[in-house]
J.: 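Handing you a structure now.
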There are 2 protein chains.
Amino acid sequence: MAQNVYKAHDHHVCIDSAVARARALCEQQGARLTPVRQRVLELVWANHKPVGAYDLLPKLAEEGFNSAPPTVYRALDFLLDLGLVHRISSLNAFIGCTHPGEAHPSCFFVCRECGEAQELDAEQVNKIARQAEAMLGVRVEQQMTELMGLCPRCQDAA
Amino acid sequence: MAQNVYKAHDHHVCIDSAVARARALCEQQGARLTPVRQRVLELVWANHKPVGAYDLLPKLAEEGFNSAPPTVYRALDFLLDLGLVHRISSLNAFIGCTHPGEAHPSCFFVCRECGEAQELDAEQVNKIARQAEAMLGVRVEQQMTELMGLCPRCQDAA
DNA sequence: GGAGATTAGGTTATAATATTGCAATTCTAC
DNA sequence: GTAGAATTGCAATATTATAACCTAATCTCC
Ligand SMILES: [Zn+2]
Ligand SMILES: [Zn+2]
Ligand SMILES: [Zn+2]
Ligand SMILES: [Zn+2]
């Protein structure tokens, strides 16, 4: 389960280690973590809430980066390709991956109140895929699961 | 598994029974399956490929229905609320549910070549949800899984 | 270190998807 | 029949994503 968003933690560690892992992964893959790509990754990791591409634009602009949609979409595509971020389709938003480098399906719980997302262990999703392959003859290449509901904090608040 | 899209079948039966089930469900729930709602449902069921809202607009227009985006989105929202269709988030598209009336997560395999989608048994997804609830204390209200890859036919073609 | 190939980024415009707000109509229940 | 609720018509606009085309930076190989 990699990490538990609902436990108090020093979030700077999340950001820093995300960047460190990204740097290592890029090195290993011969990919270039350019300034705008790194900054987008940091902004995605600003908190544990999935962030929309258009939310990033003004932040990049503030910092003197070019801020047109293609800039941020290209950076996000790069990060997606390397598995450094996941896309939450139901929100049209992006969130940092807690264990990049290891191939795994995108599997998240998202709180409908606070918007925080927790990456989940995806072993069960793999089972669904293998079952579909066995029973239907399909070949699964990508997988994503999104659960929605209330996180522990928002349950308490209500 | 309800139904296997990859087996030859008389698709008119799919459409007709979808409409019949919708009628029954609406009756039961005191909801109104108005002409535009029924027609949208039929169009969604035209084949086993998820269909975009904007693909429906011209078809509705041809038949003299009002064809502005809100019309089709309202009809789709109605059908979603009743569980008569599912939304495939990764495609921004909609597809008929093969077993409406029974509460269940949205769980599909979608072929990246032909676009056909097969609804899957969702028992494993429920396990993911229960596991997340037990380990993290979250409360899951909605679930969706989308698998992408190649269907049997498109594997043969390649 | 320079020529050519590759990759990344800048810029403008536009496509594709989805929602808001309000008025008009239709249905339902009393 | 009338009040209230649900549905629809309609115009505008918001949000998300991509296309096309060009320039600049970086890499590769000699
Ligand atoms: Zn954190
Ligand atoms: Zn991940
Ligand atoms: Zn069929
Ligand atoms: Zn279904």
Side-chain angles (χ1 to χ4, degrees), chain A residues 22-23 25-41 43-44 49-82 84-95 110 115 144 146, chain B residues 22-23 25-41 43-44 49-82 84-95 115 146:
Chain A
R23 218 186 295 281
L25 200 62
C26 285
E27 180 109 7
Q28 179 192 317
Q29 309 261 324
R32 289 160 55 200
L33 191 61
T34 60
V36 68
R37 288 168 174 175
Q38 175 171 336
R39 193 66 191 116
V40 165
L41 181 65
L43 289 171
V44 166
K49 302 180 187 183
V51 61
Y54 277 76
D55 297 331
L56 298 175
L57 284 179
K59 297 180 185 169
L60 289 173
E62 273 175 24
E63 303 173 19
F65 287 98
N66 176 39
S67 95
T71 299
V72 66
Y73 278 105
R74 283 168 182 155
L76 288 168
D77 285 345
F78 171 85
L79 298 170
L80 282 170
D81 283 348
L82 264 76
L84 291 166
V85 305
H86 294 282
R87 185 187 148 85
I88 307 294
S89 295
S90 56
L91 299 177
N92 295 320
F94 302 85
I95 189 162
V110 183
M144 55 157 286
E146 294 170 16
Chain B
R23 219 186 293 281
L25 200 62
C26 286
E27 179 109 8
Q28 179 192 320
Q29 309 260 326
R32 287 162 56 200
L33 191 62
T34 60
V36 68
R37 289 168 174 173
Q38 174 170 337
R39 193 66 191 117
V40 165
L41 180 65
L43 289 171
V44 166
K49 304 181 186 183
V51 61
Y54 277 74
D55 297 330
L56 298 175
L57 283 179
K59 296 181 186 168
L60 289 173
E62 273 175 22
E63 303 174 18
F65 287 98
N66 176 39
S67 94
T71 299
V72 66
Y73 279 105
R74 283 167 182 155
L76 288 168
D77 285 345
F78 172 86
L79 297 170
L80 282 169
D81 283 348
L82 264 76
L84 291 166
V85 304
H86 294 283
R87 185 185 149 85
I88 307 293
S89 294
S90 56
L91 300 178
N92 296 320
F94 303 83
I95 189 163
E146 293 170 15

J.: Can you name the closest pair of heavy atoms from B/L57 and B/A68 and give their distance?
T.: CD2-O, 3.5 Å

J.: In whole angstrom, what separates A/R87's CZ from D/dT16's P?
T.: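 Spelled out: CZ on A/R87 to P on D/dT16 is 10 Å.
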
J.: Are the side chain of B/R37 and the backbone N or O of B/R32 linked by a donor-acceptor pair below 3.5 Å?
T.: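 Yes: the side chain of B/R37 pairs with the backbone of B/R32.
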
J.: Give me, pair by pair, the N or O atoms of the protein and of nucleotides 7-10 of chain D that are less than 3.5 Å apart, along with how far apart they are.
T.:
{"unit_1": "D/dT7", "atom_1": "OP1", "unit_2": "B/R37", "atom_2": "NH1", "d": "3.2"}
{"unit_1": "D/dT7", "atom_1": "O5'", "unit_2": "B/R37", "atom_2": "NH2", "d": "3.3"}
{"unit_1": "D/dT8", "atom_1": "OP1", "unit_2": "B/T34", "atom_2": "OG1", "d": "2.7"}
{"unit_1": "D/dG9", "atom_1": "OP2", "unit_2": "B/N66", "atom_2": "ND2", "d": "3.3"}
{"unit_1": "D/dG9", "atom_1": "N7", "unit_2": "B/R74", "atom_2": "NH1", "d": "3.0"}
{"unit_1": "D/dG9", "atom_1": "O6", "unit_2": "B/R74", "atom_2": "NH2", "d": "2.6"}
{"unit_1": "D/dC10", "atom_1": "N4", "unit_2": "B/R74", "atom_2": "NH2", "d": "3.4"}

J.: Report the distance from atom CG of B/D55 to atom C1' of C/dA15, rounded to the nearest whole Å.
T.: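 My rounded result for the distance is 14 Å.
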
J.: Looking only at non-hydrogen atoms, find the nearest pair between A/C26 and A/L33 and report the distance.
T.: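 In this case the closest contact between A/C26 and A/L33 is SG-CB, 3.9 Å.
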
J.: How close or far is atom P of C/dT7 from atom CD of A/Q29, stated in whole angstroms?
T.: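 Roughly 14 Å, once rounded to whole Å.
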
J.: Just N and O in the side chain of B/N92: are any of them under 4.0 Å from OP1 or OP2 of D/dT16?
T.: no

J.: Carefully, step by step, assess A/N92 and A/R87 under the rule side chain to side chain contact (heavy atoms under 4.5 Å, CB included).
T.: CA-CA 7 Å; A/N92 295 320; A/R87 185 187 148 85; 3.1 Å; yes

J.: Compare the minimum distances between each of C/dA18, D/dT18, D/dT16 and the side chain of A/P69, then state the nucleotide with the smallest one.
T.: D/dT18

J.: Whole angstroms only, please: what is the CG-P distance between A/L56 and D/dT15?
T.: 15 Å

J.: When you measure from the side chain of B/E146 to the backbone of B/S90, do you find a donor-acceptor pair of N or O atoms at a distance under 3.5 Å?
T.: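 Yes, the answer is positive, given that a donor and an acceptor are paired below the 3.5 Å cut-off.
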
J.: What is the distance, rounded to the nearest whole Å, between atom CG of A/L91 and atom C1' of C/dA18?
T.: 15 Å

J.: Output the rounded distance in Å from CD1 (B/I88) to P (C/dT17).
T.: 15 Å

J.: Does D/dT16 have A/Y54 stacked on its base, where the ring centres are within less than 5.5 Å and the planes differ by under 30°?
T.: yes

J.: Can you check the A/L57 CG to D/dA17 P distance for me, whole Å?
T.: 11 Å

J.: With a 3.5 Å distance limit and no angle check, can you tell me whether B/D81 reaches the backbone of B/F78 through a side-chain donor-acceptor pair?
T.: no

